[in-house]
Each structure stands twice: as C-alpha cells, then as structure tokens.
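Let me begin by presenting the structure, written as structure tokens, before commenting on it.
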Amino acid sequence: MVNGKIWKDTDGNPIQAHGGMIARFRDTWYWYGENKGVPNIPGTTRVEPLGVSCYSSDDLLRWENRGVVLPVPEGVAVMERPKVMFVLQTGRYVMWFHADSEDYTFAGCGVAASDSPAGPFHMIHIIHPNRLDSRDMTLFTDKDGKQYLFHSSDYNKTMVISELTEDGTDVTGDYTKILAEQEREAPAVFLTRGTYYMISSGCTGWLPNTALYAQTQHLRSGWKLTGDPMSGPDSRRTFEGQSTWVFQAGEEFFLMLDHWHPYDLQSSGYSILPVIFDEAGTMTIPWQDEWNGV
Ligand code: GAL
C-alpha cells in the first residue's frame, strides 16, 4: 500500500475508514473509521457522514469491507474519529466517537455498543463527558483494565482524561485536565515499557501541522510535551498527515495517519508508520513510502 494515498479494499473499492483505528479482536484485525464516501457538500470542507465503517484483515494489508457498523444517529451532522474497545466487565465492544453539529459547536461524544467486533453497534447515548465540550478524542485501556476517554476540550485548548465506568459506556465523573492551553488534538495514546505516550497534532483543522508527543510515568499526571517524533522529508508537517491511532502488532508499535483532502474528503489518504524507541525512550517515526504489513 502506498503511504499517503487512499487504499483499496479486497473488492477494489477505496477504503472509507478515516480518523480511524486498528485493533485485534478475537484473532482478527479490525479497522474502524469514518465513512466519507460521498462528494463534499459543494464549496465546503464537510461531507454528510455515512456512519462508521468496519474492515477486517488477517495480515493488515488485505482489508475486507464489513460494511457500515453504526449508521449516523438522527440529528448528528459530524461523526468523527470512532474508537472501539473491548469491555471485560460486559464482554461487549463499545464505540465512542465525536458527535457534532454542522458548525462543530455541539462538541459531544456518541457512545454505541455491540456484542461482536463486526457490529452491528447500537447507539446508547450522546453526551458531553463531565459536562465538558469534547471534539477530537480517543480511548485508552490501562494495564489495570481501567478505561479512559482522552478528549480535546475547552475549545481544543486543553486535553482531558475522563475515567470511564466499568461497562465503558459513560464517564464516572472523575477527570483530569492535562497539557492545559497547549492546543493539542488528534490524540493517539499507548503504553510501552512503563511509559505512557500520546502523539497529537496542533489545531489547524484539516491542514497539516507539526506533530508532538507527550509522555508520563503516571497516566493521570506529569504529562510533558517532549518533541516532534517525525523524521524524514516534510516531517514538520507530519508528512502532510495527522495522527489518529497507534496499535501494537507483535512487539512493534505503528502510527496511523490521515492525509486529508479538505475539498474531496472521501479521497483522503492513509499511512501506517513504525514507531521506534531508543534506549532512553526517545521516539522516532520515520517516513516510509509503503506499508507492507507485518
Ligand atoms: C481537525 C480534526 C478533524 C476534523 C477537522 C474539521 O482539526 O482533527 O477530526 O474535526 O478538524 O475541520
């Protein structure tokens, strides 16, 4: 697969899974993302959303289209960055996504659940987590099994970590603000070798900017922005991409980027790049022209 371009599924159709994530559930890889497979609303940088798509794969290269696993809930004009987690307590798969109005002023989260990773997902509710505004977001499961929503809040100025209930469908009311006034979005969070990392973008809408990573030893405190991990041509603009998720395959970690085409969002490209650490835990993400699976 050529990094930065739109990729095709096993039927030869463009993969519509933007702002997405890849995870291994029940020995199969699943890729969830925004289905933007229609022309933009003329003259705008928006499409009428088509719901959340799901693709499955055994090798992270050949992706079979499993269809729309969550249609657009009534009244939702923006459906972005869907993320799915397995919830041990209930044995169910829970999806969170950014639910918004046309002008992005609603700034809420949709929550849906399914008994199977391949859906169908059923809507549970749309909330403002802890009565806060929430735009770009991701989910994270800690090593003790606790699950969290990371969301850009205070008009994208501050990142919030909201603890989730045991069934994964709501917030507990316990939350922490991190990276105050740093204006980070598109968070991708993971844990390796005892350190929590978050890769994020700055806030320039669909336009590329400099990625930064932050790290801490304790999930709820001590987050520090560390540097730009991207390396290679055009690294200062994240290779014209924006972070959406980091997944682990074997011992290795991989970053998924979206390469947005604001005026033709359905043709936006994808890339998957290795996340490399040196002995001191410094992160590097080198550009590679192709994604060849693992
Ligand atoms: C970006 C965000 C995208 C989308 C876009 C709309 O900053 O990461 O998910 O919301 O803004 O302009």
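Read the numbers this way: they start at 1 and go in the same order the structure lists the ligands and their atoms. Because only heavy atoms are used, hydrogens play no part in the values below, and waters and symmetry mates are left out as well, while side chains stay in.
- For Tyr104, the closest heavy-atom approach to ligand 1 falls below 4.0 Å.
- Close contacts of ligand 1 with Gly205, meaning ligand atoms under 4.0 Å from a residue heavy atom, involve 1 (C), 7 (O), 11 (O), 12 (O).
- Counted by atom type alone, Tyr270 and His18 present one or more donor-acceptor pairs between their side chains at under 3.5 Å.
- Across the listed options Arg81, His18, Arg46, Arg81 owns the non-hydrogen atom lying nearest to atom 3 (C) of ligand 1.
- One finds no salt bridge joining Glu181 and Lys157 here, because no Lys/Arg side-chain nitrogen approaches an Asp/Glu carboxylate oxygen to under 4.0 Å.
- Of the residues listed (Asp174, Leu139, Val94, Thr141), the one engaging Leu164 in a side-chain contact (heavy atoms from CB on, under 4.5 Å) is Leu139, and it is the only one.
- Remark: Asp167 does not engage Arg92 in a salt bridge, criterion side-chain N to carboxylate O under 4.0 Å.
- Comparing Asp136, Asn209, Leu265, Leu207 by heavy-atom distance to atom 8 (O) of ligand 1, the nearest is Asp136.
- Among protein heavy atoms, atom 10 (O) of ligand 1 sits closest to Glu80 OE1, 2.6 Å.
- Below 3.5 Å of separation, one finds an N or O of Gln242 facing an N or O of ligand 1.
- Comment: Glu163 engages Lys146 in a salt bridge, judged by a side-chain N to carboxylate O separation of less than 4.0 angstrom.
- For atom 7 (O) of ligand 1, the closest heavy atom belonging to the protein is Glu185 OE2, 2.3 Å.
- Across all non-hydrogen atoms, the minimal contact from Asp228 to Leu212 is N-CD2, 3.8 Å.
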